Amino acid sequence: MDPHDQQSDQPLPGSVAVRHDEQGSVVTLRGEVDASLRDDAGLTMAAVLAHGGPVLVEMSGVTFIDSSGLAFVIQLHRLGVEDETQPCTLLNPPDLVLEMLEMVGLGGEIPLAFTPGDGDPEDPWAGIAAAEAEDLASSTA
């Protein structure tokens, strides 16, 4: 049997990455977001600050988050609170993230967006535009 055909029960290692475009910074969190990512998170925060503009935190691949990972997300959010030119939105956060935000009293405080099922993974900002359009349509109905 090919070992690549077997499903692994091993947790996915965590990762944090950032890319910039004309709309702002896209921070992507994947796997286990914990203290092991502290150095990468610090470098990501510096890059986000240097680039400026809105921050989109894509979280659909997060399988676990501890207090260190949550602290990083909250720092990104506070950056936007302190500097309104750098608002932070969480894109596709899993329930485990939403539950942790509720536990620390931040449920409903950080803007959320969810990509429609046919969303373009190459353009995560499209999910924000779609969410804003849907919010606008529901508020005027």
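Below, each value reflects all heavy atoms present in this structure, side chains not excepted, and no hydrogens, waters or symmetry copies. For clarity, every value in this text was computed on a predicted model and none was experimentally measured.
When every heavy atom of Met59 is checked against every heavy atom of Leu29, the shortest pair comes out as CE-CD1, 3.9 Å. The two residues Gly14 and Leu37 make their nearest non-hydrogen contact at O-CD2, 3.5 Å. For the residue pair Thr115 and Leu91, the shortest heavy atom distance occurs at OG1-CD1, 3.4 Å. Residues Pro111 and Cys88 come closest through the heavy atom pair CD-O, 3.4 Å. Closest approach of Ala47 and Val18 over heavy atoms only: CB-CG1, 4.1 Å. Of all heavy-atom pairs spanning Asp34 and Ser36, the tightest one is OD1-OG, 2.5 Å.
Residues Phe64 and Phe72 do not share a hydrophobic cluster, defined by chaining ILVMFWY side chains whose heavy atoms lie under 4.5 Å apart. No path of Ile, Leu, Val, Met, Phe, Trp and Tyr side chains, each step under 4.5 Å between heavy atoms, connects Val57 with Val81, placing them in separate hydrophobic clusters. The hydrophobic clustering, which links ILVMFWY residues whose side-chain heavy atoms are closer than 4.5 Å, places Ile110 and Leu96 together.
Two residues are said to be in side-chain contact when any heavy atoms from C-beta on lie closer than 4.5 Å; Val73 and Val97 fail this criterion. When side chains are defined from C-beta on, Leu98 counts as touching Leu112, because their heavy atoms get closer than 4.5 Å. Between Leu56 and Gln23 the shortest side-chain heavy-atom distance does not fall below 4.5 Å. Taking 4.5 Å as the limit, every side-chain heavy atom of Arg78 sits out of range of all side-chain heavy atoms of Gln75. Between Gln86 and Leu76, every side-chain heavy-atom pair lies at or beyond the 4.5 Å cut-off.
In this structure a side-chain-to-backbone donor-acceptor pair under 3.5 Å is present from His51 to Asp21.
Under the rule for a side chain to side chain contact (heavy atoms under 4.5 Å, CB included), the partners of Ser60 that lie at least two apart in sequence or sit in another chain are Arg30, Glu58, Asn92. Scanning for side chain to side chain contact (heavy atoms under 4.5 Å, CB included) contacts around Leu106 gives Ile74, Leu101, Val104, Glu109, with sequence neighbours left out.
In this structure, CG on Leu79 lies 6.0 Å from CE on Met45, to the nearest 0.5 angstrom.
Among residue pairs with one or both ends in residues 64-73, those qualifying as side chain to side chain donor-acceptor pair (under 3.5 Å) are Arg38-Ser68; sequence neighbours excluded.
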